[in-house]
Asks: 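Please read through the structure below; I'll follow up with questions.
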Amino acid sequence: MIDLRLVREDPEAVRASQRLRGDAVEAVDALLHADEARRSAVSAFEALRAEQNQLGKLMPKAAGDEKAALLARTKTLAADVKAAQAAVTEAEQVLRAAQFAIANVVQDGAPGGGEDDYVVLREVGTRPEPADARDHLALGELLGAIDTERGAKVSGARFYYLTGVGALLQLGLLQLGLWQAVEAGFTPVIPPVLVKPESMEGTGFLGSHAAEVYHLPADDLYLVGTSEVPLAAYHKDEILALNGPLRYAGWSSCFRREAGSYGKDTRGIIRVHQFDKVEMFSYCPPEEAAQEHQRLLAWEEEMLGKLELAYRVIDVAAGDLGSSAARKFDCEAWLPTQNRYMEVTSTSNCTTFQARRLNTRYRDADGKPQTVATLNGTLATTRMMVALLEQHQQPDGSVRVPKALQPFVGGRDVLEPVKAGS
RNA sequence: GGAGGGUUCGCCUAGUGGCCGAUGGCGGCGGUCUUGAAAACCGCUAAGGCAGCGAUGUCUUCGUGGGUUCGAAUCCCACACCCUCCGCCA
């Protein structure tokens, strides 16, 4: 939810942001009008209410003719108050709708444009170019690690089983990430993955993402697409005592309908309905958010370094940000068989945008409540297995396990193909 | 699924129509006393909107939404959530 004060004080900055995103500039003026309308409705109501309160105080002391006169006056006043109150409620609804129509103000420095207008910040590592490379699914089947056929039989397209070293690899990857976070001072969290509508709504996922979200109508609960949802809603309606950034690392399964992505990444486990993820989530004062964002990115890169993956970092363009983010950096790992980079992590700085709707605040140096900034970033996810298998494959179909990961997969340094027929 | 009980300012709690934005305790903050600390005592201690440079004023909020009333924490209705008991299932 956009900061109304900012829109009032510097509407031009918000208009510029809208332009950079390719969103409607007129939405800013609509919001300013709605704000104006609400304020005048409020003062009208308050003047009437103040009079009503005044007269109400006289009532118990009054008697006789005086009381009758008072009653007559207050009776008409009561109707006026009611009408004025209804006008305020309506003006507030209009204002809220106008407020939701505007996405977060893009951070200075973020590139303008759409999905293809990202800026590559750096490329890290040497891209491996294995001869006769097998793709991750072929490797996964050789290793007895990934079974998409039975996944489809049991649950449908975009479902899969992880078996044998596949199951171990995923758990190891997530643990490597989680331990890195714990050592960096994060509080590890296993959150609920079913949330109430207000939690889903408060984190902004029922807006443009609504079609992506699984809903359980019998209980009116939603399956989360990321632990960002329960981690952000965790401190809803709270005033935090912040002493530096408050950091959580959430481990959860994630569920996505992948509506509208028919035909995209259909092979293997790149784009699936269910996967696991360790997500970093940080609460901090707004003035520290940009720094914290860089830290989250650094932790993501540290993780990819441990996995010995070749990747690049991109600065996502304004039009591709999502409504809550002011800035977003993605790390994309190299995929030899597709000759392209694939997103494996994403970190967003949501500034105060997400926290404002969730009403999550902190006390500043003067002890005054202020809206906090929230940030999130991927630390480990099922999808990293795709890059890991492909980049570390060897000619015989075995896959090298990076050193840092070995302790988390039972000390294995190589994953070997299993015999056929199992 | 059935039957009860509950939801008030960080926590606990008082409050059955105007004297209630709301009692008391705990916790927290400040002070007196003390070499220091403890104890005791005194004071302060919800959030938000609007107007104003400001002092301040004013309005809203007692789970949520509606209703009754000149006036609602208090009466009525609906809903949500929590707890207890019973049943059912792991």
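Chain A is the first sequence line, chain B the second, and so forth, proteins listed ahead of strands; every chain is numbered from 1.
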Asks: More 5' along RNA chain B: A:A47 or A:S43, using each one's nearest nucleotide?
Replies: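 Final value for this comparison: A:S43.
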Asks: At their closest point, which heavy atom of A:V224 faces which heavy atom of A:V195, and how far apart are they?
Replies: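 Answer, listing the atom of A:V224 first, then A:V195: CG1-CG1, 3.6 Å.
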Asks: Could you measure between the two P atoms, the one in B:U60 and the one in B:G21, and give it in whole Å?
Replies: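 So the two P atoms sit 10 Å from each other.
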Asks: Using atom P of each nucleotide, how far apart are B:A73 and B:C59 to the nearest Å?
Replies: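 14 Å, rounded to whole Å.
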Asks: Going 5' to 3' through nucleotides 62-82 of chain B, assign each nucleotide B (protein heavy atom under 4.0 Å from a base atom), S (under 4.0 Å only from sugar-phosphate atoms) or - (no protein heavy atom that close).
Replies: ------S-BS-----------
Asks: In terms of side-chain heavy atoms of A:P369, which of B:G48, B:A46, B:C50 is nearest?
Replies: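 Among the listed nucleotides, the one closest to the side chain of A:P369 is B:G48.
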Asks: What integer distance in Å separates A:E46:CD from B:U58:P?
Replies: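 Interatomic distance, CD of A:E46 to P of B:U58: 11 Å.
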Asks: Sticking with atom P, work out how far B:A47 lies from B:C9, rounded to a whole angstrom.
Replies: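 After rounding to an integer number of Å, I get 13 Å for this pair.
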Asks: Return no unless some side-chain N or O of A:R363 is found under 4.0 Å from OP1 or OP2 of B:A47.
Replies: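 Yes, A:R363 has a side-chain N/O under 4.0 Å of OP1/OP2 on B:A47.
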Asks: Without decimals, in angstroms, what is the distance between A:D364 CG and B:A47 P?
Replies: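 Computing the A:D364:CG to B:A47:P distance gives 12 Å.
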Asks: Can you check the A:E36 CD to B:G49 C1' distance for me, whole Å?
Replies: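 In whole Å, B:G49 C1' lies 15 Å from A:E36 CD.
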Asks: Roughly, in whole Å, what's the span from CG in A:N53 to P in B:C59?
Replies: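 It works out to 5 Å between those atoms.
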Asks: Let me spell it out: for each of A:E51 and A:L4, pick the nucleotide of RNA chain B with the closest heavy atom. Which residue's pick is nearer the 5' end?
Replies: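 On the 5' side of the pair lies A:L4.
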Asks: Regarding A:E301 and A:Y311, do their side chains bring together a donor and an acceptor under 3.5 Å, going by distance alone?
Replies: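 Note: A:E301 and A:Y311 side chains meet the donor-acceptor criterion.
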Asks: Can A:R357 be said to sit on top of A:F100's aromatic six-ring, NZ or CZ under 6.0 Å from centre and within 45° of the ring axis?
Replies: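 Yes, A:R357 and A:F100 form such a contact.
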Asks: Under the side-chain hydrogen bond (donor to acceptor under 3.5 Å, both in side chains) test, which residues partner A:Q18, sequence neighbours left out?
Replies: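 Counting only residues at least two positions away or on another chain, A:Q18 forms no side-chain hydrogen bond (donor to acceptor under 3.5 Å, both in side chains).
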Asks: Provide, to the nearest angstrom, the distance between the CG atom belonging to A:N359 and the P atom belonging to B:A47.
Replies: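 About 12 Å, once rounded to whole Å.
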Asks: Between A:Y161 and A:F159, is the ring centre distance below 6.0 Å?
Replies: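 For A:Y161 and A:F159, the ring centres are not under 6.0 Å apart.
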Asks: How many Å lie between CG on A:L70 and P on B:G18, as a whole number?
Replies: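 So the two atoms are 18 Å apart, to the nearest Å.
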Asks: Can you tell me, in whole Å, how much space there is between the P of B:A22 and that of B:U58?
Replies: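 B:A22 and B:U58 have their P atoms separated by 13 Å.
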Asks: May I ask you to say what A:R361 touches in the nucleic acid, namely base, sugar-phosphate or nothing, with a heavy-atom cut-off under 4.0 Å?
Replies: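 Answer is sugar-phosphate: A:R361 comes under 4.0 Å of backbone atoms only.
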Asks: Between A:E238 and A:T360, is any side-chain donor less than 3.5 angstrom from a side-chain acceptor?
Replies: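 Looking only at side-chain atoms, A:T360 and A:E238 do not form any donor-acceptor pair under 3.5 Å.
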Asks: Could you work out, with side chain to side chain contact (heavy atoms under 4.5 Å, CB included) as the rule, every residue matching A:E287, not counting sequence neighbours?
Replies: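 Counting only residues at least two positions away or on another chain, A:E287 forms a side chain to side chain contact (heavy atoms under 4.5 Å, CB included) with A:P285, A:Y362.
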Asks: Specify the separation, in whole Å, of atom CD of A:E238 and atom C1' of B:C9.
Replies: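 Spelled out: CD on A:E238 to C1' on B:C9 is 16 Å.
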Asks: What integer number of Å spans the C1' atoms of B:A80 and B:G66?
Replies: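 Pairwise C1' distance, B:A80 against B:G66, rounds to 14 Å.
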Asks: Please report the distance, rounded to the nearest Å, between CD in A:Q85 and P in B:C50.
Replies: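 For the pair A:Q85 CD and B:C50 P, the rounded distance is 17 Å.
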Asks: Considering only the P atoms, how many Å lie between B:C88 and B:G17, rounded to the nearest integer?
Replies: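 Straight-line distance between the two P atoms is 45 Å.
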Asks: So what does the secondary structure string of RNA chain B come out as, 5' to 3', with Watson-Crick or wobble pairs under 3.5 angstrom, [ ] for crossing and | for pairs with another strand?
Replies: ((((((((.[[[..)..(.....]]]((((((.......))))))((((((....)))))).[[[[[..)....]]]]])))))))....
Asks: Is it the case that A:T351 and A:N104 place a side-chain donor and acceptor less than 3.5 Å from each other?
Replies: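 There is such a pair between these side chains.
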Asks: Rounded to whole angstrom, note down the C1' distance from B:C75 over to B:G18.
Replies: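 Here B:C75 and B:G18 have their C1' atoms 15 Å from each other.
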Asks: Measure from the side-chain heavy atoms of A:F45 and tell me the nearest of B:G49, B:U60, B:C50.
Replies: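 Looking only at side-chain atoms, A:F45 lies closest to B:U60.
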Asks: Taking the same atom, P, in B:A38 and in B:C29, what whole-Å distance lies between them?
Replies: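 Between the two P atoms, the distance is 11 Å.
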Asks: With sequence neighbours left out, what residues match A:R49 under side-chain hydrogen bond (donor to acceptor under 3.5 Å, both in side chains)?
Replies: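 A:Q52.
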Asks: Can a donor-acceptor pair be found between the side chains of A:T382 and A:D276 at a distance below 3.5 Å?
Replies: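 There is no such pair (donor and acceptor under 3.5 Å, judged by atom type) between the side chains of A:T382 and A:D276.
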Asks: For A:S346, what residues pass the side chain to side chain contact (heavy atoms under 4.5 Å, CB included) criterion, not counting sequence neighbours?
Replies: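 Testing A:S346 for side chain to side chain contact (heavy atoms under 4.5 Å, CB included), a comparison that skips the adjacent residues, returns A:K328, A:D330, A:E343, A:T378.
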Asks: So what does A:R8 hit on the nucleic acid, given a heavy-atom distance under 4.0 Å: a base, only sugar-phosphate, or nothing?
Replies: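 Sugar-phosphate contact only - A:R8 comes under 4.0 Å of backbone atoms but never of a base.
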